[in-house]
Amino acid sequence: YEVPDNKIFAEPAPHRLTSNIEGTGWALFARYIRGIKPAITVNLADRSVQTVSPAQISARIRQTLPYDINAFNPTDALNIRLDNKASKRVPLVLIKDINFAPQVQAAAVPLLNPDSIIIYGPAFIVDSLKEWPTQAVKLDNLKENVDIKVSMQPHTNTEVSFEPAVSQLIMPVEKFTEKTLSLPVEIINAPDSLLLTIYPSKIKATCRVGLSDYDKVNPAQFKAVVDFNQVDLENSNYAPVMLSTQSDLLSYLRLSPESVEFIISR
């Protein structure tokens, strides 16, 4: 196929057709023994849709054969659709199924390098793409740092290609432990007309933290509150405890108790 420079196949073009060839046994055998495979060129004008009829294909085949060999019309036409060439850079989406070994967790979010790719293909496909997924990465019982190559999921249209075709997935892992902190509970949004006392006045926060960050987690990074805008003062004397701020080094957090009792003095 001769395709104009600014065009690309909108879908894979036909790459095979069948035609009956007739001639003497010797003529056909001689062509076969000599391994002659003449090329048939289809020049595609700068049009989005082009059909090459069986009669046109047969005429092209005859032009490549000697006078004593004849070609009959192929049964199918070549139906070809072109589109403008297009390219776009889009972010990659990591598809993953990662299971860690006991007492092991990710030390940082997974990183793809590069984290975006250029997609090439027909404009009607490329223009609609906002992102592109990787092949699924499945890791079980993970204990060590990850540094592997990840391929792109192929597009259903084989005319679509990617640059680069692979990305590097990097993810450090480490062992973790639990740490328990004692946090004072602060009352917020209490009515000015009421004097409120809560019990207990401190709670325990048990968190999961990587060994490398253990000493970085401290009570000053947390703020435990009881918000009396969220409490039914007439029908309950318990209020839930919430964290308005917390460390971003944690992968798990549990409060004990999760609610406190309050007493109203008027």
Side-chain angles (χ1 to χ4, degrees), residues 90-113 115-116 130-134 136-146 169-266:
V90 298
L92 282 175
V93 177
L94 176 63
I95 306 301
K96 64 183 186 301
D97 181 6
I98 300 176
N99 298 297
F100 295 94
Q103 299 296 112
V104 175
Q105 67 178 13
V109 297
L111 174 67
L112 287 172
N113 184 28
D115 60 3
S116 63
K130 306 299 181 185
E131 58 188 20
W132 195 253
T134 66
V137 176
K138 183 173 178 59
L139 301 170
D140 288 317
N141 200 37
L142 186 61
K143 301 176 182 177
E144 300 179 346
N145 294 340
V146 177
L169 171 60
I170 300 171
M171 184 179 68
V173 302
E174 65 177 349
K175 290 188 175 182
F176 67 81
T177 188
E178 286 193 344
K179 187 170 188 175
T180 300
L181 306 169
S182 179
L183 305 178
V185 181
E186 179 181 336
I187 297 173
I188 62 174
N189 297 321
D192 294 336
S193 60
L194 301 179
L195 178 61
L196 294 167
T197 304
I198 59 174
Y199 180 82
S201 60
K202 290 186 177 182
I203 63 167
K204 290 182 179 180
T206 301
C207 55
R208 181 183 298 168
V209 59
L211 294 180
S212 62
D213 293 323
Y214 186 87
D215 293 332
K216 299 177 185 177
V217 177
N218 59 75
Q221 298 170 312
F222 300 81
K223 185 176 181 180
V225 300
V226 171
D227 185 355
F228 276 85
N229 277 341
Q230 310 298 322
V231 177
D232 184 355
L233 296 175
E234 300 297 328
N235 298 302
S236 175
N237 62 336
Y238 283 89
V241 180
M242 300 177 293
L243 291 180
S244 60
T245 60
Q246 69 178 61
S247 172
D248 58 2
L249 301 176
L250 313 178
S251 60
Y252 170 80
L253 181 68
R254 182 178 71 253
L255 302 180
S256 180
E258 296 181 342
S259 60
V260 294
E261 186 177 8
F262 62 89
I263 299 173
I264 301 175
S265 301
R266 297 184 184 274

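Side chains included, hydrogens not; waters and symmetry mates left out as well; all remaining heavy atoms used. Since the structure is predicted, the reported quantities are computational estimates derived from the model, not experimental observations.
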Would you name the heavy atoms of [X] and [Y] that are closest together and state the gap between them?
X    : Y    : result
V241 : L255 : O-CD1, 3.9 Å
K216 : N218 : O-ND2, 3.4 Å
P110 : L169 : CB-CD1, 3.9 Å
D215 : K179 : CA-NZ, 4.3 Å
L250 : S247 : CG-O, 3.8 Å
P200 : V260 : O-CG1, 3.6 Å

**OP:** Measure the shortest side-chain to side-chain distance between V231 and F262 over non-hydrogen atoms and say whether it is less than 4.5 angstrom.
**Re:**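 The answer is yes; the side chains approach within 4.5 Å.
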
Original post:
Tell me, do I264 and L196 make a side-chain contact under 4.5 Å, heavy atoms counted?
Top reply: yes

Subject >> Derivation of the side chain to side chain contact (heavy atoms under 4.5 Å, CB included) call for L92 and D115 >> reply: CA-CA 5 Å; L92 282 175; D115 60 3; 5.6 Å; no

[atom1]/[X] to [atom2]/[Y] distance, rounded to the nearest 0.5 angstrom?
X    : Y    : atom1 : atom2 : value
C207 : Y214 : SG    : OH    : 8.5 Å
L142 : Q105 : CG    : CD    : 12.0 Å
Q246 : Q221 : CD    : CD    : 10.0 Å
S259 : I198 : OG    : CD1   : 11.0 Å
K175 : L211 : NZ    : CG    : 8.0 Å
I203 : L243 : CD1   : CG    : 6.0 Å

**OP:** If a pair satisfies side-chain hydrogen bond (donor to acceptor under 3.5 Å, both in side chains) and one of its residues is in residues 198-208, list it, with sequence neighbours excluded.
**Re:**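 Matches after skipping sequence neighbours: T180-T206.
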
Could you pull out every donor-acceptor pair under 3.5 Å between side chains of residues 94-103 and any protein atom, sequence neighbours left out?
| residue | atom | partner | partner atom | Å |
| --- | --- | --- | --- | --- |
| D97 | OD2 | K138 | NZ | 3.0 |
| N99 | ND2 | D140 | OD1 | 2.9 |
| Q103 | NE2 | F176 | O | 3.4 |

